[in-house]
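Reviewing the structure listed below.
As the structure is a computational prediction, the values presented were derived from the model and not from experiment. What you see below is based on every heavy atom in this structure, not just the backbone, and it leaves out hydrogens, waters and symmetry mates.
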Protein chains: 2
Amino acid sequence: MSAELDKIDYKILRLLQQDGRTGNAEIAKRVNVSAATCHRRTQRLFEDGYIQNVRAQIAPDKVDRGALVMVGVVLDRSTPESFGAFEAACRALPFILDCHLVAGDFDYFLKIRVRDMADFNHLHGDQLIALPGVRQTRTFFVMKEVVDNAPLAF
Amino acid sequence: MSAELDKIDYKILRLLQQDGRTGNAEIAKRVNVSAATCHRRTQRLFEDGYIQNVRAQIAPDKVDRGALVMVGVVLDRSTPESFGAFEAACRALPFILDCHLVAGDFDYFLKIRVRDMADFNHLHGDQLIALPGVRQTRTFFVMKEVVDNAPLAF
DNA sequence: TGCGGACATGCAATATCCTTTCACTTTGAT
DNA sequence: ATCAAAGTGAAAGGATATTGCATGTCCGCA
């Protein structure tokens, strides 16, 4: 089986990335193949992991998560155990949208969604600086979301 | 009409956020209402903007976007025109996933996906530092994606 | 050149699901 | 208690997804 994708597959991926609810018949029309073929291709894209999942994007401010904060984190020690503990803790905190180990002045970058600044301050005091091995954090409040989670271009 | 959401609405939102392809019948079963009611509620969640859209999440490494980079940007001047020009330029660059105006040591934070480091270096030299009004950038290569774009908790 | 196997495609039939209609029930204000 | 507005469930119709099958295509190999 060819592991490569052709132009039709890429079109399907782009269509589903733009609107994951697009029906099979509609996709078939747009990429100029029969519904059956389109269905089989789409299914393969799921099975082979090209499409990780399809998720509804909830309006953050409508569910009281209107505030976005970026946080740089520096750990006490740079041991594997220290990193592991911190990462495990991050995965368990539901308000952390992104957690990335980076090279540079920080060890980790976090992207956090909360209701408002007051909410973040509680959270920062109660949970963030209490995370395992945290030496220092630097907070960047987001004042304007110019682009958030744009679709992948490929 | 009540602008508020009840427990059933929240359940629907959570289900669709976890899997946007979940059929109406399946949702109805899980939230214990009839298919008709569930359909109407879901439709309302779309129409009233609680669900912004439904998007397939494409595996980045499968489409040659395996490298993630965070970039802090400082502008020359802090004028509205300067900000506006920079933001417009960012919106036009497809590899920029996030672009946020922040308070702190940087003016903007960018989240960028490219194929690899070499690709980013070209991009940085050709396009990033050429963005309007950029005085300085600081690059943080992501070495490990611990959590990326986690579903919103509410 | 000819042959055979693996694969992809389209058509058509089947099964499944969505979507609307209608009558009934609940809710809330007077 | 009464009325109006909104919500609810069951059923029917229409649209859609999904599968089986025959045909066509490509590639390796003799």
Has the side chain of B:Thr22 got a donor or acceptor atom that lies under 3.5 Å from a matching backbone atom of B:Asp19?
yes

What integer distance in Å separates A:Glu47:CD from D:dT18:P?
11 Å

Report yes if the side chains of B:Arg21 and A:Leu16 come closer than 4.5 Å at any heavy-atom pair, otherwise no.
yes

Length of the CG-C1' vector between B:Asp6 and D:dT8, whole Å:
13 Å

Write down the distance between CZ (B:Arg41) and C1' (D:dG9), rounded to a whole number of angstrom.
13 Å

Distances for protein N/O vs nucleotides 19-28 of chain C N/O pairs under 3.5 angstrom?
{"from": "C:dT19", "atom 1": "OP2", "to": "B:His39", "atom 2": "NE2", "distance (Å)": "2.8"}
{"from": "C:dT19", "atom 1": "O5'", "to": "B:His39", "atom 2": "NE2", "distance (Å)": "3.3"}

Using a cut-off of 4.0 Å on non-hydrogen atoms, how would the nucleic acid contact of A:Arg21 be classed: base, sugar-phosphate, or nothing?
nothing

To the nearest 10°, give me the bend of the helix from C:dT19-D:dA12 to C:dT30-D:dA1, comparing the axes of its five terminal pairs at either end.
20°

Residue pairs, two or more places apart or on separate chains, that pass ring pair (Phe, Tyr, Trp, His ring centres under 6.0 Å) and touch residues 13-42 of chain A
none

Just so I know, are the side chains of B:Phe109 and A:Phe109 near enough to count as touching, which here means a heavy-atom distance under 4.5 Å?
yes

Taking CD1 from A:Ile27 and C1' from D:dT16, how many angstroms apart are they, rounded to a whole number?
12 Å

Separation of C:dT16 atom C1' from B:Lys29 atom NZ, nearest Å, is 12 Å

Can you see if the side chain of A:Thr37 gets near the phosphate of C:dG10 - specifically, an N or O under 4.0 Å from OP1 or OP2?
yes

Sequence neighbours excluded and cut-off under 3.5 Å, please list the side-chain donor-acceptor pairs for residues 139-154 of chain A, or say none.
{"from": "A:Lys144", "atom 1": "NZ", "to": "B:Glu87", "atom 2": "OE1", "distance (Å)": "2.6"}
{"from": "A:Glu145", "atom 1": "OE1", "to": "A:Arg113", "atom 2": "NH2", "distance (Å)": "3.1"}
{"from": "A:Glu145", "atom 1": "OE2", "to": "A:Arg113", "atom 2": "NH1", "distance (Å)": "3.4"}
{"from": "A:Glu145", "atom 1": "OE2", "to": "A:Arg113", "atom 2": "NH2", "distance (Å)": "3.2"}
{"from": "A:Asp148", "atom 1": "OD1", "to": "A:Lys111", "atom 2": "NZ", "distance (Å)": "3.0"}
{"from": "A:Asp148", "atom 1": "OD1", "to": "B:His100", "atom 2": "NE2", "distance (Å)": "3.3"}
{"from": "A:Asn149", "atom 1": "ND2", "to": "A:Gln57", "atom 2": "OE1", "distance (Å)": "3.4"}

Taking salt bridge (Lys or Arg N to Asp or Glu O under 4.0 Å) as the cut-off, I'd like each qualifying pair that reaches into residues 49-70 of chain B, sequence neighbours left out, listed once.
none

In whole angstrom, what separates A:Glu4's CD from C:dA8's P?
14 Å

Just wondering, do A:Leu123 and A:Phe95 contact through their side chains at under 4.5 Å, heavy atoms?
yes

Could you list the cluster mates of B:Ile129? Members are the ILVMFWY residues connected by side-chain heavy atoms closer than 4.5 Å, either directly or through other members.
none

Do A:Val71 and A:Val73 come close enough that some side-chain heavy atom pair is under 4.5 Å?
yes

